[in-house]
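Atom set for the values below is all heavy atoms of this structure, side chains included, hydrogens, waters and symmetry mates excluded. In what follows, chains carry the letters A, B, and so on, assigned in the order in which the sequence lines appear, proteins first and then strands, with residues in each chain numbered from 1.
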Amino acid sequence: MITFLTNLKIADNTGVLNVQCIKVLGGHKMRVAISGKPIVTALKKVRPRKKFKKGEVAKVLVLSTKNRFRRNSGFIINSNKNTGLILNDGFAPVANRVTGAVPHEVRAKYNRGYLLTRKNY
Amino acid sequence: MKVEICSYSHYRIHPGHGKRYVRLDSRSFVFITRKAEKAFLNKCNPRRTRWTVIYRRMNKKGISEETSRKRNRKTKKFFRGVVGASAEVVRAKRNQAPELREAQRNAAIKEAKEKSRARKEALKAQGAAASQQKTFAKTVRAPKFMATSR
């Protein structure tokens with residue numbers, strides 16, 4: 001459940017560590033983003049000498065959320081962190097590696113020609 | 001249908017029940033109830049929590065004690081008839097003294113040897129007669145039984 005001003009961790013190798021959601025994309029008056037949805041974020045904490053800088057604005061794909069979601073099999077799943085993945089303006093992942101676990105729904109959707117991550121749930 | 005096992009309490013979880021918790025290190029845990037989940041997140045040790053399966057298994061709760069001893073099985077020997085010989089014949093042979101049996105065996109061997117020797121001598125005598133015949137009439141072929149008996 002990612003809303004306006006939610007803090008997320010970035011689970012890729014772009015050098016961005018923490019971001020804050022400033023807009024939820026994907027519809028008119030969309031308030032809440034779940035895993036697999038894009039958001040707009042402000043970069044809060046960034047490693048030096050990398051592609052991105054602190055204070056920039058970037059699109060992020062939500063990977064895993066603390067809030068639980070339900071699969072068709074009846075299982076309810078949640079994670080212990082809100083994590084995301086930096087996207088470019090064309091909604092394609094910028095990084096070439098993702099750390100941590102990714103729900104297989106997101107992986108199926110965004111695994112465009114390269115390995116997103118081996119760990120998925 | 002896949003039945004899973006609770007990570008904390010080790011209860012069985014049927015489909016449509018339970019909750020999966022995914023840590024950022026991508027290890028996933030399954031919990032049957034909120035109680036189990038909370039206990040796990042509070043880092044309670046399931047070996048010390050009384051109601052978990054692990055505790056009960058460790059401390060041997062709820063297992064009816066089995067007092068019945070293990071039965072030792074012993075192999076018994078039976079004499080059975082073999083092909084032509086009945087059980088009694090076999091038993092009688094077994095009960096014979098070993099010396100007697102050896103003597104019988106030696107006698108049998110001796111007899112067999114003598115027999116074979118006698119047969120060989122007879123063959124030799126026949127062969128000599130045949131060779132004599134050959135010297136007299138070379139054109140006459142040796143009878144067929146000679147050829148086979150060699």
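- Residue A:M30 places its CE atom among more than 12 non-hydrogen atoms of other residues, nucleotides or ligands, all under 6.0 Å distant.
- For the atom pair CZ of B:R20 and CZ of A:R68, the computed distance is 16.0 Å after rounding to the nearest 0.5 Å.
- Using modelled atom types, no side-chain atom of A:N80 and backbone atom of B:Y21 make a donor-acceptor pair closer than 3.5 Å.
- Annotation for B:N106: atom CG counts as buried by contact number, over 12 foreign heavy atoms lying within 6.0 Å.
- Atom CG of residue B:D25 and atom OG1 of residue A:T99 lie 11.0 Å apart, to the nearest 0.5 angstrom.
- Between A:A101 and B:V22, the shortest heavy-atom distance links the atoms CB-CG1, 3.9 Å.
- Transitive grouping of hydrophobic side chains (ILVMFWY, heavy atoms separated by less than 4.5 Å) keeps B:L24 and B:F40 in distinct clusters.
- Note: the hydrophobic cluster containing A:V106 also contains A:L25 (ILVMFWY, side chain heavy atoms under 4.5 Å, direct or indirect links).
- Contact of A:T83 with chain B is made through the side chain alone, with heavy-atom distances under 4.5 Å.
- Within a 6.0 Å radius of CZ in A:R71, more than 12 heavy atoms belonging to other residues, nucleotides or ligands are found.
- Between the CD1 atom of A:I76 and the CD atom of B:E37 there is a distance of 9.5 Å, given to the nearest 0.5 Å.
- A pairwise comparison of heavy atoms in B:E4 and A:F75 identifies OE2-CE1, 3.2 Å as the closest pair.
- Linking Ile, Leu, Val, Met, Phe, Trp and Tyr residues whenever their side-chain heavy atoms come within less than 4.5 Å places A:V57 and A:L61 in a single cluster.
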